[in-house]
Novice: 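Pasting a structure here, questions to come.
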Amino acid sequence: MSTNNTLAIVVPCYNEQDAFPFSAKSLTDVLCSLIKSQKVSPKSYILFVDDGSKDNTWSLIEAEAKINPVVQGLKLSGNVGHQNALLAGLITANKTSDMTVSIDADLQDDVNAIEKMVDAYNSGADIVYGVRSDRSSDSAFKRVTAQGFYKVMSAMGVKSVYNHADFRLMSHRAVAALENYEERNLFLRGIVPLIGYKTEAVYYERAKRVAGESKYPLKKMLKFAFDGITSFSIKPISLITTLGIVIIALSLIAFIYTLVSYFTGNAEPGWSSLIISIWFLGGVQLASIGLVGQYVGKIYVESKRRPRFNIEKHEKGDKS
Ligand code: UDP
Ligand code: MG
């Protein structure tokens, strides 16, 4: 067995005092059995990230870290949201681990899939996605909105893994590559597939929240979807340009129609010129806004300063 196998399980927690005791217990069990079977090193640990909770979450984490040798706690100075809290945990854990697994505190993701992820890592994968094979535990509403979310995302050209949330394993170098994506509008599910490297997926059934309430009500979900699209795609701008061109084309039809009406005497005075101007100018304006938008879109892509490539291997590269 290789020695580069220190695992850090990163768990973002926001107001999770009800779920925390359950997740601390099951994650500890899973980690200890992985250590016992020598799949991960005894230095492995669980890092609970408190995302500025307003309840007792942090004092529970602190107390647990004192008595539980595999538990560590990280307290953020305020609430920065799930994605940023997760990133804070990943970057912190990556300093002292060879792989990280991110998982929510509510145990909706199957902790037993962690072992399968570690197996995939040990056989050479850099990124292992946890993918839900079943959503029957979610409410019908959550299911429909979540499926719609993936459909819209892919129509807008955002590469993301279907039915995968933020339950995944990443190797040390994958997290290091992730750190180079310096964007502030963080949408990890969209960024991780851009990193490349060898990826695998493990399948699991999604359970109900063990305790507490979802922190993603509809309003937050819509914002998340909108952020996801606008952080990855300038397709909506192209749609405006296309719409403008379509309306200019329609204005030609309106032009012919009004001319026919004019010559057959069915037109009020002044009507023909008005209709033609409205359609034509409307189309020209939309197309122009779209054109300006294309430049804004370019600026936006440049301003992200995303890495242009990640290197996987350099054969004979370390020979001097
Ligand atoms: N979370 C967080 N900061 C927030 C909101 C949520 O760290 O501002 C954490 C939360 O504690 C949980 C995970 O993100 O561990 C996912 O949240 P939740 O389970 O409420 O989302 P859902 O599964 O309903 O989509
Ligand atoms: Mg949840």
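The structure presented is a predicted model; accordingly, all values stated were derived computationally and were not measured. Both counts, for ligands and for their atoms, begin at 1 and track the order of listing.
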Novice: Is there a side-chain contact between K54 and N15, using heavy atoms and a 4.5 Å cut-off?
Specialist: yes
Novice: Do the non-hydrogen side-chain atoms of M99 and H172 ever get within less than 4.5 Å of each other?
Specialist: no
Novice: Taking 4.0 angstrom as the limit and counting only heavy atoms of A105, give me the atoms of ligand 1 inside it, by number and element.
Specialist: 15 (O)
Novice: For ligand 1, note which part of N79 has a heavy atom under 4.0 Å away: side chain, backbone, both or neither.
Specialist: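 Side chain only.
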Novice: Look at atom 13 (C) of ligand 1 and find which of D166, D104, D109, D50 reaches it with the closest heavy atom.
Specialist: D104
Novice: Closest by any non-hydrogen atom to atom 3 (N) of ligand 1: pick that one out of D51, V80, L107.
Specialist: D51
Novice: Using only atom types and a distance under 3.5 Å, with no angle test, would you say the side chain of H164 pairs donor to acceptor with the backbone of R189?
Specialist: no
Novice: Look at atom 9 (C) of ligand 1 and find which of A165, P12, A85 reaches it with the closest heavy atom.
Specialist: P12
Novice: What atoms of ligand 1 come within less than 4.0 Å of a heavy atom belonging to D106?
Specialist: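 Those atoms are 19 (O), 23 (O).
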Novice: Is the shortest distance from a Lys or Arg side-chain nitrogen in E302 or K304 to a carboxylate oxygen in the other one below 4.0 Å?
Specialist: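 Not counted as a salt bridge, because no side-chain N and carboxylate O are separated by less than 4.0 Å.
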Novice: K235: which residues meet the side chain to side chain contact (heavy atoms under 4.5 Å, CB included) condition with it, sequence neighbours left out?
Specialist: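 With neighbours one apart ignored, the set is M156, S233.
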Novice: Under 2.8 Å from the Mg ion (ligand 2), which protein N/O/S atoms are there?
Specialist: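 Short answer, with waters excluded from the count: D106 OD2, Q108 OE1.
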Novice: Going by atom types only, do S44 and T6 share a side-chain donor-acceptor pair under 3.5 Å?
Specialist: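 No donor-acceptor contact under 3.5 Å links the two side chains.
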Novice: Is the ring centre of Y204 less than 6.0 Å from the ring centre of F167?
Specialist: yes
Novice: Within the distance-only criterion (no hydrogens, no angle test), does the side chain of R173 pair as donor or acceptor with the backbone N or O of E312 below 3.5 angstrom?
Specialist: yes
Novice: Mark up the atoms of ligand 1 that fall under 4.0 Å of a heavy atom belonging to E16, in ascending order.
Specialist: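 Checking each atom against E16, I get 10 (C), 11 (O), 12 (C), 15 (O).
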Novice: If hydrophobic clusters are built by linking Ile, Leu, Val, Met, Phe, Trp and Tyr wherever their side-chain heavy atoms come under 4.5 Å apart, do I247 and I253 end up in the same one?
Specialist: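 Per the 4.5 Å side-chain linkage, I247 and I253 are co-clustered.
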